[in-house]
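Data block below; observations after.
First the proteins, then the strands, lettered A, B, ... as listed; each starts at 1.
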Amino acid sequence: MIWTDERVEKLKKLWSEGLSASQIAAQLGGVSRNAVIGKVHRLSLPGRAKAGGTTAAARPKRATSAPRAPNYAARAVTRTVTRPAGATVLKEEVVVDLAPEPDFALETNIVVPMSRRLELTQLTERTCKWPIGDPLKEEFHFCGNDSPESSPYCSYHARLAYQPSAERRRIR
DNA sequence: CCCTGATTCGC
DNA sequence: GCGAATCAGG
């Protein structure tokens, strides 16, 4: 692969924006992250603040937060409005509609994981590729959580993707 | 193990 | 000049 002026410019731009070498390599295409790093050196571009885990500088820190506390207020309101519908079946559906808000219980089996909000270029063989949001909008991202056994999805989204039959109803 | 950048050195 | 292999670190 040859470093055309165009590619070099893109490299400079992305590198200055703080993207990692692998991300830049993915975006340029046809080159490895090593190639990118090698080029960066040859160009004498400024390296990253601190070796190794420059991660902190380039990447906004995501909180390793515990599950959020349920928003009881919001849930209560919605219920009130819903009840008049009457049908037993409908009642269940509406409640679930509020999801993904854990159905009160910090100890439930049903846990909606917080997504890592990864960009397309950040996905690897072992990150969840479940898309979130409108692809045409800026906030579009992928779940990005760890996916077991190189599955395309994390355990949570794998369940949504490969629903057998019975579970399907409950969630909708 | 996954990722990151840094360096070396044969091509 | 290029980049895979390797090293070092989180």
So what does A:Arg33 hit on the nucleic acid, given a heavy-atom distance under 4.0 Å: a base, only sugar-phosphate, or nothing? base

Could you tell me whether the phosphate oxygens of [N], OP1 or OP2, come under 4.0 Å of any side-chain nitrogen or oxygen in [X]?
{"X": "A:Arg48", "N": "B:dT4", "value": "no"}
{"X": "A:Thr124", "N": "B:dC2", "value": "no"}
{"X": "A:Lys39", "N": "C:dC2", "value": "yes"}
{"X": "A:Ser22", "N": "B:dC3", "value": "no"}
{"X": "A:Arg126", "N": "B:dC1", "value": "no"}
{"X": "A:Ser20", "N": "B:dT4", "value": "yes"}

Hey, is the main chain of [Y] close enough, under 3.5 Å, to the side chain of [X] for a donor-acceptor pair?
{"X": "A:Lys129", "Y": "A:Thr124", "value": "yes"}
{"X": "A:Trp15", "Y": "A:Pro46", "value": "yes"}
{"X": "A:Ser147", "Y": "A:Pro152", "value": "no"}

Side-chain contact, heavy-atom cut-off 4.5 Å: A:Val31 with A:Ile24? no

A:Leu11 and A:Val36, any side-chain heavy atoms less than 4.5 Å apart: yes

For [X] and [N], give me the distance from atom [atom1] to atom [atom2], rounded to whole Å.
{"X": "A:Gln23", "N": "B:dC2", "atom1": "CD", "atom2": "C1'", "answer": "14 Å"}
{"X": "A:Leu45", "N": "B:dG5", "atom1": "CG", "atom2": "C1'", "answer": "13 Å"}
{"X": "A:Ile24", "N": "B:dA6", "atom1": "CD1", "atom2": "P", "answer": "11 Å"}
{"X": "A:Leu28", "N": "C:dG3", "atom1": "CG", "atom2": "P", "answer": "11 Å"}

Parallel, tilted or perpendicular: which one describes the rings of A:His157 and A:Trp130, with boundaries at 30° and 60°? parallel

Output one line per pair: protein atom, nucleotide atom from nucleotides 7-9 of chain B, and distance, for all N/O pairs under 3.5 Å.
none

Closest non-hydrogen contact found for A:Ala158 with A:Tyr153 is N-CB, 3.6 Å

Distance-minimising heavy-atom pair for A:Pro148 and A:Cys154: CD-CA, 4.2 Å

Test: salt bridge (Lys or Arg N to Asp or Glu O under 4.0 Å). Region: residues 2-11 of chain A. Which pairs qualify, not counting sequence neighbours? A:Glu9-A:Lys12

With a 4.0 Å heavy-atom cut-off, tell me which residues in residues 8-16 of chain A come close to DNA chain C, sorted by residue number. none

